[in-house]
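To start, the structure under review is shown below, and the notes come after it.
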Amino acid sequence: MTGEWIRFAVSCGLLILGAGFMVAAVFGVNRFHHALNRMHAAAMGDTLGLLFIILGTILMRGFSMDSLKLAMVVIFFWIASPVCSHMISRLEAMTDESLGEITVLEKNNGVRVEEPEKEKSGGKPSKKKKQKKGGRER
């Protein structure tokens, strides 16, 4: 009797964890601006969410032929999902012209460092202003 309650509690925990991953994926898809970031959030949320939900269902149902079928669904999804994600990312890379414009953050405590702009006359880089931190110049 106690073992059944423990199994039920663990399976409910797995179901809640899987639903949490799927909800987090929804927020990730809505929050990110670039298609590749959205795709990553959706793929990770679906993969982990489906895994935990099906593991919870297998544990709740018990180990039988039904649980074997559910495990086959997880295996099929894990094979098909990376292939679909790869095809979508290749399509995005081929069609998006602004994909190469990525902002790089240096190791300067997260301060954005951009390349110096070339002046119109002479082709020399313009002088950068010193960055201030807490009112002091560095």
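- With a 4.5 Å cut-off between side-chain heavy atoms of Ile, Leu, Val, Met, Phe, Trp and Tyr, the cluster of Met65 takes in Leu68.
- Here the straight-line distance linking atom CG of Leu59 with atom CG of Leu70 works out to 12.0 Å at 0.5 Å rounding.
- Remark: side-chain polar atoms of Thr47 are not paired, donor with acceptor, to backbone N or O of Met44 under 3.5 angstrom.
- Under the 4.5 Å side-chain heavy-atom criterion for grouping Ile, Leu, Val, Met, Phe, Trp and Tyr, Val73 is connected to Phe21 within one hydrophobic cluster.
- The hydrophobic cluster containing Phe8 also contains Leu15, counting ILVMFWY residues as joined when their side-chain heavy atoms lie under 4.5 angstrom apart, directly or transitively.
- The distance from atom CE of Met39 to atom SG of Cys84, rounded to the nearest 0.5 Å, is 10.5 Å.
- The backbone N or O of Trp78 sits nowhere less than 3.5 Å from a side-chain atom of Ser81 that would complete a donor-acceptor pair.
- Here the CD1-CD1 distance, from Ile53 to Ile58, works out to 12.5 Å after rounding to the nearest 0.5 Å.
- Considering every non-hydrogen atom in both Ala25 and Ala42, the closest pair reads CB-CA, 4.5 Å.
- Heavy atoms only, all atoms of each residue included: Cys12 and Met60 are closest at SG-CE, 4.3 Å.
- Evaluated for a side-chain contact (heavy atoms from CB on, under 4.5 Å) with Leu14, the options Leu55, Thr57, Ile54 yield exactly one hit, Leu55.
- In this structure, Ile79 and Val83 approach most closely via the heavy-atom pair O-CG2, 3.5 Å.
- With hydrophobic clusters built from ILVMFWY side chains whose heavy atoms lie under 4.5 angstrom apart, Val10 shares a cluster with Leu48.
- Annotation for Ser11 and Gly56: closest pair CB-O, 3.3 Å, computed over non-hydrogen atoms.
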Residue pair Asp46, Phe77: steps toward the side chain to side chain contact (heavy atoms under 4.5 Å, CB included) verdict: CA-CA 9 Å; Asp46 284 346; Phe77 191 77; 4.0 Å; yes
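- By the salt bridge (charged side-chain N to carboxylate O under 4.0 Å, His left out) test, Arg61 is found to be paired with Asp66, residues two or more places apart in sequence or in another chain being considered.
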